[in-house]
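One structure below.
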Amino acid sequence: MSLLFYSVIAVIFAFTNQAQEASRIHRDAIVVDGHNDLLMSVMDGENIERRRDTGHSDLVRLREGGVDVQVFSIWVPPAVKHARGYTGYADEEIDSLDTIISRNRYRVEKVTNIVELRECLKQGKLACLYGLEGGHPIGKRLENLYHFFKRGVRYIGLTWNNSTSWATSARDEAAGKKGGLTPFGRKIVHAMDSLGILIDISHLGPTAVRDVLAETRNPVIASHSSCDYLAHHYRNLTDDQLRAIAGNGGVVMINFYPRFIDSSVTKTEMRKLKRYAGEWKTIAKKYANNPDRLVKERKKFLATRYPQVHATLRRVVDHIDHVVLVAGIDHVGIGSDFDGISVAPLGLEDVTHLPELTAELLRRGYSETNIKKILGGNFIRVFSRVCVN
Ligand SMILES: [Zn+2]
């Protein structure tokens, strides 16, 4: 037997060992995903209780991916037509998730504080948290904030891409809108602090982020944001912001959206958009009066026309590395944005691939303790500090 033979066997053994170690760590860890848009599919009438052959997740695949805590995003399309406006639509989304949970109590549970969360995990169920993406359902009435607290909402992203009347979004600030938080916006921040609702700064413009950090007493989260240093985009966080969030004790949960993690994807997408410009124009014209449908058609268009435009799992982990480098190991987490993004990275095609992210962290030399912080420990630290009731 040659030395080469023994070397090959040793490499295979080490590789298998590492893979087993990664899946053990993933199983043992509390895996938290800070942002999932499955409720959009629910509002379209899809059944997420069964395994779907579309999208990135459902109740079955979340378990297969080893997710222990999932924050479900309650997002209201900007052009929503509902008898009670944004508030009514958000209520409907909450109703839908409440109903799904009540039908599946043997495997999922709604949790609103750290005690409930720990109890739920002890029972081996998926802990479901409710997060409002965009403060529009609050409107200008503080009573709506109390209403959504009572309904179980435990984080609120103050804006989506569109600003509220009291906080400016990243997209609007990038387009030149001045703002930050108005006096009412500050009031909302104080009330969220008192109630114990996490402030989510994803989607906020830099001035608004600065104002929030100056105003809040609590650590904040960025539920689904990546690093501007690695992929320049108004939705991503600059190194200064990463440091400021670390100073506040908060956590930045990395978004998987290819455009947010790899700038070359945007360039390729733009090139291809040009090639298919005619087809896209026809679709855009057809649904010009129906913005909600247009968003969906654009997603479908991008998914079918550009399936080959992907970033990779390794690129996602580059963003985790970057936050660790700039802000420290205690300030990073995962906020996939699954089922809200049109394309997922190669290697992270859906939520069942999450254990591969753990394997990549292990390959890069992270210790078990630090991997567990990234996978969910950091979020749990912030959650247990803010959401005690
Ligand atoms: Zn979002």
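Positions are given from 1 along the sequence. We count ligands from 1, going down the list as the structure has it; atoms in each ligand are counted the same way.
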Phe72 and Tyr130 aromatic centres sub-6.0 Å: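 Between Tyr130 and Phe72, which both carry aromatic rings, the centre distance is not below 6.0 Å.
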How would you list, by chain and number, every residue that makes a ring pair (Phe, Tyr, Trp, His ring centres under 6.0 Å) with His319, sequence neighbours excluded?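 Expected list: none.
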Listed by chain and number, what are the ring pair (Phe, Tyr, Trp, His ring centres under 6.0 Å) partners of Tyr229, not counting sequence neighbours?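 Tyr229: ring pair (Phe, Tyr, Trp, His ring centres under 6.0 Å) contacts with His322.
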Partner of Asp68 under salt bridge (charged side-chain N to carboxylate O under 4.0 Å, His left out), chosen from Lys125, Arg63, Arg118: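 Among Lys125, Arg63, Arg118, the one that satisfies the salt bridge (charged side-chain N to carboxylate O under 4.0 Å, His left out) with Asp68 is Arg63.
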If only atom types and distance count, is the side chain of Arg235 paired as donor or acceptor with the main-chain N or O of His224 below 3.5 Å?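 Here the side-chain-to-backbone pair exists.
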Environment of the Zn ion (ligand 1) in terms of protein N/O/S atoms, cut-off under 2.8 Å: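 Protein N/O/S atoms under 2.8 Å of the Zn ion (ligand 1): Glu133 OE2, His203 NE2, His224 NE2.
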All side chain to side chain donor-acceptor pair (under 3.5 Å) counterparts of Ser384, not counting sequence neighbours: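 For Ser384, no residue satisfies side chain to side chain donor-acceptor pair (under 3.5 Å) once neighbours in sequence are set aside.
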